[in-house]
Amino acid sequence: MNEAARVLELLAERDHTLAVAESLTGGLVAAELTGVPGASRSFLGSVTAYATVLKERLLGVDGALLAERGAVDPEVALQMAAGVRALLGADWGIATTGVAGPDPQDGQPVGTVYVAVAGPGESGTGSGNVAALRLNGGRADIRTESVRSVLALLRARLDGEQPGNARAQDTEQNGGD
C-alpha cells in the first residue's frame, strides 16, 4: 500500500479529514491523494500557494515572518499547515514549502524543503510537526520526495510514532538517481 493510501485509510478509521497547503509541490500532494479510490471520504481539498503573498493572504502565514525569513522556513511550513487546516475546516493540515530549483530562493540552496503537519488542537505558532529535508537530485526528484515525505510525516503522526509536539528533524535524502 502506498503512503497516500495508508494515510487515507488511517484518517478514515478515525473519521478525520485532511487539507493540504502546497508550494514547491504545486498540487502533487493533492494529486497523489486523489489518485486513491475513496479519497473523498477524508480529503477535503488543497490550496496551492506558490506565490509568497498567497501564503499570507490565503493561509494566514505571518507577514513579518515571511519578510524576515522568506517562504522557505520551518515556521512558515507549520503556519501553512495550521492555516489550511483552519481555512478548510479539517482535522489535519499538511504543508510543503522549499526550493526545487533550478535556482536558490530566499538564500536557501536547491533541495531545502520543509514539510509540516498540524493536527487536532494544533493551531498556531510552534504547534505541530515539521521536518527539515536536504534533498538531492533534479527538480522532479525533489518535488516527488517532498510529496512522499509530507505524507510519511502525517502517517507517522497518525500511527503515533512521533509525539504531537516534536519539532524539527534534519534528514539527508536522495531524491533520485
I'd like to know whether S146 forms a side chain to side chain donor-acceptor pair (under 3.5 Å) with T25, so could you lay out the CA-CA distance, the side-chain angles of the two residues, the decisive distance to 0.1 Å, and finally the verdict. CA-CA 7 Å; S146 298; T25 50; over 6 Å; no

Which atom names give the shortest non-hydrogen contact between A77 and A95, and what distance separates them? O-CB, 3.5 Å

First locate atom OG1 of T144, then atom CG of L28, and finally report the distance between them rounded to the nearest 0.5 Å. 6.5 Å

Does V84 belong to the same Ile/Leu/Val/Met/Phe/Trp/Tyr cluster as V72, with side-chain heavy atoms less than 4.5 Å apart forming each link? no

When you look at L153 and I94, which way does the side chain to side chain contact (heavy atoms under 4.5 Å, CB included) test go after all the steps? CA-CA 9 Å; L153 185 63; I94 60 176; over 6 Å; no

Ignoring hydrogens and geometry, is there a side-chain-to-backbone donor-acceptor pair from E75 to L65 under 3.5 Å? no

Same apolar cluster (I L V M F W Y, side chains within < 4.5 Å links), V117/L59: no

Go through the steps to decide whether L18 and L33 satisfy the test side chain to side chain contact (heavy atoms under 4.5 Å, CB included), and finish with yes or no. CA-CA 10 Å; L18 174 64; L33 290 164; 3.7 Å; yes

Any donor and acceptor pair, going by atom type alone, linking the side chain of T112 with main-chain N or O of Q108 inside 3.5 Å? no

Does V20 share a hydrophobic cluster with L44, counting links as ILVMFWY side-chain heavy atoms below 4.5 Å and allowing steps through other members? no

Polar side-chain atom of R14 near backbone of L10 as donor-acceptor pair, under 3.5 Å: yes

With a 4.5 Å limit on heavy-atom distance, are the side chains of L158 and W92 in contact? yes

Look only at the side chain of E56 and the backbone of V61, and say whether a donor-acceptor pair between them is shorter than 3.5 Å. no

Test applied, side chain to side chain contact (heavy atoms under 4.5 Å, CB included); reference residue, L66; option that passes from V76, V53, D106, D73: V76

Looking at every non-hydrogen atom in both residues, tell me the closest pair between V29 and E22 and how far apart they are. N-OE1, 2.9 Å

Short question: side chain of R85, backbone of A19 - any donor-acceptor pair under 3.5 Å? no

Backbone N/O of T17 and side chain of D91: donor-acceptor pair under 3.5 Å: yes

Measure across D141 and N136 and return the closest heavy-atom pair with its distance rounded to 0.1 Å. CB-O, 4.2 Å

Polar side-chain atom of K55 near backbone of Y50 as donor-acceptor pair, under 3.5 Å: yes

Nearest heavy-atom neighbours spanning S23 and A49: OG-O, 3.6 Å

Considering all heavy atoms, the nearest L11-S42 contact: CB-OG, 3.6 Å

Could you check whether any side-chain heavy atom of V113 comes within less than 4.5 Å of a side-chain heavy atom of V99, counting everything from C-beta outward? no

Take T97 and M80 through the side chain to side chain contact (heavy atoms under 4.5 Å, CB included) test and state the conclusion after the steps. CA-CA 9 Å; T97 188; M80 288 174 63; 3.9 Å; yes

Minimum heavy-atom separation for L135 and I142, please, with both atom names. CD1-O, 3.6 Å

Does the R155 side chain pair with the main chain of R6, one donor and one acceptor, at a distance under 3.5 Å? no

Before giving the answer on side chain to side chain contact (heavy atoms under 4.5 Å, CB included), spell out for Y114 and T96 the whole-Å C-alpha distance, their side-chain angles and the decisive distance to 0.1 Å. CA-CA 6 Å; Y114 297 97; T96 63; over 6 Å; no

CG on L8 to CD on E13, rounded to 0.5 Å: 11.5 Å

Between E122 and R157, does any NZ, NE, NH1 or NH2 come within less than 4.0 Å of an OD or OE carboxylate oxygen? yes

Quick one: OG on S149 to CG on L154, what's the gap to the nearest 0.5 Å? 12.5 Å

Non-hydrogen side-chain atoms of P120 and H16 separated by less than 4.5 Å: yes

